[in-house]
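The structure appears below as structure tokens.
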Amino acid sequence: MWPELGKYGATVINAYIVTIVATGLLTWLSLRSARKSKETLEKLEARRNG
Amino acid sequence: MSIWEFANPVRFMRFSGKLLPYFSVSAALLIVTGLIWGFFFTPEADQFGSTVKIIYIHVPTAMLAINAWVMMFVASLIWLIRRHHVSALAAKAAAPIGAVMTVVAILTGAIWGQPMWGTYWAWDPRLTSFLVLFIFYLGYMALWTAIEEEDKAADLTSVLAMVGTVFAVLSRYAVNFWNQGLHQGASLSLDKEEHVADVYYLPLLVAIGGFVLLFIALLLLRTRTEIRNRRIRALQAREAR
Amino acid sequence: MSPTLALLARELRLSLRSGGGAGLGLAFFLIVVLLVPFGVGPVPSLLAQIAPGTLWVAALLATLLSLDRLFQADFEDGTLDILTLSPMPLEGLVAIKAFAHWLTTGLPLIVAAPVLALTLNLPDPAFFWLVTSLAAGTPALNFLGAIGASLTVGIRRGGLLLSLLVLPLYIPTLIFGASAVSAAADGADPMPAFLLLAGITLFTLALTPFAAAAALRMHMR
Amino acid sequence: MSLNATDLTCYRSGRLIFSGLSFSLENGQATMLRGPNGVGKSTLLRVLAGVLEADGEVELNGTRLSGDRDAVQEQIAYAGHLDAIKPQLTVAENLTFWAGLFGGRIEDAVEQFSLAEIWDRPAHACSAGQKRRLGLARLMVSERPLWLLDEPTVSLDVETTARFAGIIAQHCAAGGMALIATHIDLGLANPQELLLHPLTEAQHAETADPFLSEDWT
């Protein structure tokens, strides 16, 4: 199943790892800030309406 | 109904909230499909060996790195002309995504260059241009954070996006001139189109589609965050009065 | 006295007075260029090869040094408000201020560059092109700087941000300017690079007053 | 000449400063702009000068600010909180610069504001009152019909204030106009008054900021 990567194996794996880590980090940070702002806003709205 | 209806933040929130899950799921599906297909089920190329598999990540991220800036340029223009807040905030939200894509494109390019050129970094016009683009992203984001009044920040970053676009393009050609002028550039490049045969083309297309959808999903998510932050600050300012 | 001359005279006077920073850029230019041999070693052939780039990069950094005051003082003391009411359009005002800035920072560099080039062992045929390329290229540095200065006016610690914004804009000018000198030093034809350099400068002179004036108006409203 | 403002509404960073403001001034009139702190007097003056943007229309001698801003601005002299003086330059250099830029004559201004005694002094060595005199002298050298003055008498002594009131009266008598935001009585003969009222609670809630929309979900 695992493909034969030959002498360039490390190169290919590294490139994939870098990409996955970077986009994963970006997505995680985006989600985290989204959650934070959503919670803050909900608290504010609740206080305004309640 | 005109497209500008969505420039209203409230309407944008409703509509983007509905779309976001679809974009997220399809982005994940396409990226996973494209990358698995590319990584496991495509043959090696004569010239590149297994490093050809890097195109499935390098090409989409490089495309997004440039197109995110183009999108910021258009969004900034819309803000300057029609003064739709969502447009300015979308440009702000796109910058970090574009910057990360640029970094990934540079890193994957450098990692690929190591076995191909014998060095991680060659002042290849393409790599160099991406480095320049990255600096433009940094400056753009830094200007956003430096100005406290949001509308003023939107105005000024838009001007920077205009000027930056012109000079990013100029730099691209200048860098070409410079590299050829000084020494023969590395002629081997990862994303030269003639190297892409059908076997690689289809999974590449899927991966590109996946990354574009990922960009849209992240853009919607981050724009929503920016809109919420604006509302938070506006509400807090009103309470403080 | 015409408005243009009045403004130009005031700008020159201000930059030559204490705290104006006209001499500072030149001193900075000297120091940067003289530091390079300490960094790379005193080998004449090596210095000769890096001389064009060194001189151009140093010129670029020296220009940057006093840019942050270009509009800052006028913004802080209310002069900018009055200037917008003057018969001169804001675009013209930006152009004159940038031109005055070039007279006090760019021009001295052009004069000092050949002397410093001697210490770097620049080949003889390149001297003419060093001066010519700096004369054709440095105005672009000042005018592009005006964009950065107008964007960062009124920002705390704007000087650092200014460098980050302006330096990438300098890339085309740097490339063509240094290439022209290098080509002359190597016995090649410097004209292609020089013409492109001049083109970039003309383009910049035409574009930047509008961008910088727009940014200043945004700051004031 | 005449100055007409129609339905001026101004927001600063999403906050309403004043709304629906209309008034008109005739030539030969000095008008006191009055109202409590924070009511938007400075903002109004800057809007009229075309430095700030506002909804509504300003018309000076039939020229609309939104139509031809340069033509309107070329009839205006503005003096704000800041004197726009360069401390490195002498009084003479400061004033001749403004005269050169606006194309006016300096003799009258030097005499009226008694600048001769400090003529060659660097501006950084001047007292606050002297700087203010220099700043106001700019009004005369710019030779513009409409003066927009924001607290012009701050740091002036009683005598100079009286003299300045005389200068304003002179300017108006010669067909000029002046709109002056001030807390003190300048002692002008029958000046007009323009009173700005603080916003009501309802107006306070009013906002142009789409991020404060009530139908948020």
Side-chain angles (χ1 to χ4, degrees), chain A, chain B residues 20 24 27-28 31 35 38-44 48-58 60-61 93 96-97 99-101 103-116 190 211 214 217-232 234-236 238-239:
Chain A
M1 186 62 217
W2 189 257
E4 184 54 56
L5 295 173
K7 58 178 172 169
Y8 299 132
T11 305
V12 179
I13 302 285
N14 281 342
Y16 272 77
I17 289 176
V18 162
T19 310
I20 290 165
V21 167
T23 41
L25 206 64
L26 173 70
T27 311
W28 181 69
L29 286 174
S30 304
L31 283 170
R32 203 183 62 161
S33 60
R35 198 172 341 105
K36 245 195 227 156
S37 68
K38 189 165 185 240
E39 280 166 10
T40 317
L41 184 58
E42 273 165 4
K43 252 184 251 161
L44 262 175
E45 302 277 8
R47 189 149 42 125
R48 253 160 47 88
N49 299 330
Chain B
L20 188 53
S24 313
I31 286 181
L35 292 191
F39 188 83
F40 291 98
F41 304 108
T42 55
E44 295 187 2
F48 298 108
S50 60
T51 61
V52 72
K53 295 179 194 298
I54 295 179
I55 60 166
Y56 308 115
I57 50 182
H58 179 77
T61 49
I97 312 175
V100 169
M101 290 302 147
V103 171
V104 172
I106 291 173
L107 286 178
T108 50
I111 290 172
W112 176 86
Q114 209 281 325
M116 287 297 130
L190 189 52
F211 272 93
L214 174 71
L218 284 174
L219 180 64
L220 287 177
L221 179 68
R222 297 187 65 95
T223 309
R224 287 168 64 80
T225 306
E226 294 295 344
I227 291 174
R228 286 204 177 100
N229 286 342
R230 270 298 287 269
R231 178 158 172 90
I232 290 170
L235 288 175
Q236 282 169 343
R238 189 150 81 176
E239 275 184 17

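First the proteins, then the strands, lettered A, B, ... as listed; each starts at 1. As the structure is a computational prediction, the values presented were derived from the model and not from experiment.
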Need one label for [X]: side chain, backbone, both or neither, based on atoms under 4.5 Å from any heavy atom in chain B.
| X | result |
| --- | --- |
| Lys38(A) | both |
| Leu31(A) | both |
| Ile17(A) | neither |

Taking NZ, NE, NH1 and NH2 as the nitrogens, is one of them in Glu226(B) or Arg230(B) under 4.0 Å from a carboxylate oxygen of the other?
-> no
So, are Arg231(B) and Glu45(A) salt-bridged, with charged N and O less than 4.0 Å apart?
->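 Salt bridge present between Arg231(B) and Glu45(A).
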With a 4.5 angstrom heavy-atom cut-off, could you sort out which part of Phe211(B) is near chain A: side chain, backbone, both or neither?
-> side chain
So which part of Arg222(B) gets closer than 4.5 Å to some heavy atom of chain A, the side chain, the backbone, both or neither?
-> side chain
Heavy-atom pair count under 4.5 Å with chain A, highest-scoring of Ile57(B), Val104(B), Leu107(B), Asn229(B) =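 With the most close heavy-atom pairs to chain A, the winner is Ile57(B).
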Heavy-atom pair count under 4.5 Å with chain A, highest-scoring of Thr61(B), Ile97(B), Leu214(B) | Ile97(B)
Can you check whether [X] reaches [Y] side chain to side chain, under 4.5 Å on heavy atoms?
| X | Y | value |
| --- | --- | --- |
| Leu20(B) | Ser24(B) | yes |
| Ile232(B) | Ser37(A) | yes |
| Tyr8(A) | Val52(B) | no |
| Thr225(B) | Arg35(A) | no |

Name the option with the most non-hydrogen atom pairs under 4.5 Å to chain B; the candidates are [options].
| options | result |
| --- | --- |
| Arg47(A), Lys36(A), Arg48(A), Lys7(A) | Arg48(A) |
| Gly9(A), Ala34(A), Ala10(A) | Ala34(A) |
| Leu26(A), Ile20(A), Leu29(A), Thr27(A) | Leu26(A) |

Looking only at non-hydrogen atoms, find the nearest pair between Gly109(B) and His58(B) and report the distance.
-> N-ND1, 3.6 Å
